[in-house]
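Heads up: the structure comes next, in structure tokens.
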Number of protein chains: 2
Amino acid sequence: MGSEAVRPLVRTMSAQLTALVRSRIVSGAYAPGAALPQDALAAEFGVSKIPVREALLQLRAEGLVDVFAHRGFQVRSLTQDEAHEIFRLRLALEPQAIARGAQLAGQLERQSTGAAARELHQALEEGRREDAGDLNGAFHLALVVPARQRLTAEVLQRLLTLAQRYVRLHLQPTGRASRARREHEALLAAWMAGDAAGAEALASAHIRATYEDLIQVFGAHAERT
Amino acid sequence: MGSEAVRPLVRTMSAQLTALVRSRIVSGAYAPGAALPQDALAAEFGVSKIPVREALLQLRAEGLVDVFAHRGFQVRSLTQDEAHEIFRLRLALEPQAIARGAQLAGQLERQSTGAAARELHQALEEGRREDAGDLNGAFHLALVVPARQRLTAEVLQRLLTLAQRYVRLHLQPTGRASRARREHEALLAAWMAGDAAGAEALASAHIRATYEDLIQVFGAHAERT
DNA sequence: TGCAGTTATATCGTATACGATATAAGCACA
DNA sequence: TGTGCTTATATCGTATACGATATAACTGCA
């Protein structure tokens, strides 16, 4: 998920830091609300503040970080409102985009999507849960065929990244992995067959299932508090 | 449209430059494909490269600028593919978001949306076409009630900004202003009345009408070339 | 003791300076 | 005269340095 569209711009320090800090936020290593002092991060990474600032500004554009002028950056907090928005947006965009992807995909894209699915499922079987979020995002994104739907893929990539924190936090314990796998396989089969309508319906159902699990957790949490 | 969500972060140089360069790109003053050399811009604005870089990176995140490591920034080119994506995404998101906005809006939001509509129409009557794009975007965004749908509004704001260049370039000459005004007024009336379903349908029709005008121009252009 | 005003400090935002990279110019050679 | 390599140059990316801002600590007064 840390991919930067066109060129491998990952040679620059800013881009490396962007990927690193993003993964720490998504994984929870940098907790919601935590301050991100520029000098401290720069010292920790052995660089100056400038690439740190550029990375944090990029993450702000992605919605993972808040910035207050002259008061610094902090990890964006999690809110139920944002969770609802993320999944409403995904439901509005992703099924259609995947349907188009099913039509646009050539031989090459089918191969890489298949590879992404295998990587994801292998990681899940090996219990590498820390990789699951990124690999799940990569699989979902591959279904869109990013090269042929650049803007759509950019928007969706951000939404998938934003969704990760909520899924990690709230749905990790529940036993949804095996159900998600079945949903993925049905979706992938329709997509590979070029069945746009079928892929769209299955994608919609898959996203909605995750969304409803999340809402249920919210409800349970509300009762407890 | 140059609004920066939460705090008036427009005190910092980067933010001012972001707004300035954005408006120059959207207005066409910086043409598609044009190079954006950091040193030259810094000299022109009387600042150092650092706030210039931060502004350009922000605009890259917004999709108005491309960057190639060690080769610099340039204004993103216009493509038919992107135009299709922008309007497909808007159609998928905006009507729903406006329907929700119609439900969420309180007295305050109704007032500011009404004000945005008046500003837009006044600018059109006075022939201030250079302001029309921003004001149109502000009106569309107000219908969403950004304060209550933060992420959705952020995504839509970017799409509206991206759309501006295509609309300016291709639909300026055609006499759509008066039809757009009628569509706006019907939409606003439904929205003000809290008629979510009506607002959704009218928003969808309005966006689709613009989209179809654009497609027609593309077709005409394809014939000529 | 509590509060308003003032000063001190830490962090931020940006200017300056410099090493690194990619492209363009120049050169030797075929 | 054209082609592959070397060198030169312009621009980029980042380190260092410093002035600006917001918050926190402090002081005097009610």
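Predicted model, so just to flag it, every value in this text is computed and none were measured. Order of the sequence lines sets the chain letters (A, B, ...), proteins ahead of strands, with each chain counted from 1. What's counted below: heavy atoms across the whole structure, side chains too, no hydrogens, waters or symmetry copies.
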- [ ] Looking only at side-chain atoms of B/Arg71, point me to the closest of C/dA22, D/dA15, C/dT14.
- [x] C/dA22
- [ ] Taking all non-hydrogen atoms of both residues into account, name the closest pair between B/Phe45 and B/Val21 and its distance.
- [x] CE1-CG2, 4.2 Å
Open item on the list: Hydrogens and angles aside, do B/Gln58 and B/Thr18 bring a side-chain donor and acceptor to less than 3.5 Å of each other?
Closed with: no
Task: Among A/Arg22, A/Gln157, A/Arg158, A/Arg76, side-chain hydrogen bond (donor to acceptor under 3.5 Å, both in side chains) partner for A/Glu62 - done: A/Arg22
TODO: To the nearest Å, give me how far apart CG (B/Leu57) and C1' (D/dT14) are.
DONE: 13 Å
- [ ] Please state whether the phosphate of D/dT14, meaning OP1 or OP2, lies under 4.0 angstrom from any side-chain nitrogen or oxygen of A/Ser14.
- [x] yes
- [ ] Looking only at side-chain atoms of B/His70, point me to the closest of D/dA22, C/dT16, C/dA22.
- [x] C/dA22
Task: Atom-to-atom span, CE of B/Met13 to P of D/dT21 - whole angstrom - done: 11 Å
Using nucleotides 5-10 of chain D, report all nitrogen or oxygen pairs with the protein that are shorter than 3.5 Å.
none

TODO: Show your working on side-chain hydrogen bond (donor to acceptor under 3.5 Å, both in side chains) between B/Gln107 and B/Gln111 and close with a plain yes or no.
DONE: CA-CA 6 Å; B/Gln107 202 55 40; B/Gln111 282 176 11; over 6 Å; no
Task: Side-chain donor/acceptor of B/Tyr166 to backbone N/O of B/Thr79, under 3.5 Å - done: yes
TODO: Compare the minimum distances between each of D/dC12, C/dT14, D/dT14 and the side chain of B/Glu54, then state the nucleotide with the smallest one.
DONE: C/dT14
TODO: Report yes if at least one side-chain N or O of B/Arg53 is closer than 4.0 Å to OP1 or OP2 of D/dC12; otherwise report no.
DONE: no
Task: Atom pair distance, as rounded to whole Å: CD in A/Gln38 and C1' in C/dG13 - done: 8 Å
Open item on the list: Heavy atoms from C-beta onward define the side chain here; which of D/dG13, C/dT14, C/dT23 lies closest to that of A/Thr12?
Closed with: D/dG13
TODO: Inspect the contact between B/Arg53 and A/Glu54 and indicate whether a charged nitrogen and a carboxylate oxygen are less than 4.0 angstrom apart.
DONE: yes
Task: Proximity to the side chain of A/Asp39 - top-ranked nucleotide from C/dT16, D/dG13, C/dC12 - done: C/dC12
Task: Spacing of A/Gln16 atom CD relative to D/dT14 atom C1', expressed in whole Å - done: 13 Å
Open item on the list: Using whole Å, what does the distance between atom P of nucleotide C/dT11 and atom CG of A/Leu36 come to?
Closed with: 14 Å
Open item on the list: From C-beta outward on A/Lys49, which listed nucleotide comes closest to its side chain: C/dA15, C/dG13, D/dC12?
Closed with: C/dG13
Task: Where A/Ala132 and A/Leu120 come nearest, the two heavy atoms and their spacing - done: O-CD1, 3.8 Å
TODO: Nearest whole angstrom, please: distance from the P of C/dG13 to the CG of A/Leu41.
DONE: 13 Å
Open item on the list: Go nucleotide by nucleotide along DNA chain D from the 5' end; which of A/Ile50 and B/Gly72 gets its closest nucleotide reached first?
Closed with: B/Gly72
Task: A/Arg11 side-chain proximity, nearest of C/dA22, D/dA15, C/dC12 - done: C/dA22
TODO: Give a yes/no on whether any side-chain N or O of A/Ser48 is located under 4.0 angstrom from OP1 or OP2 of D/dT14.
DONE: no
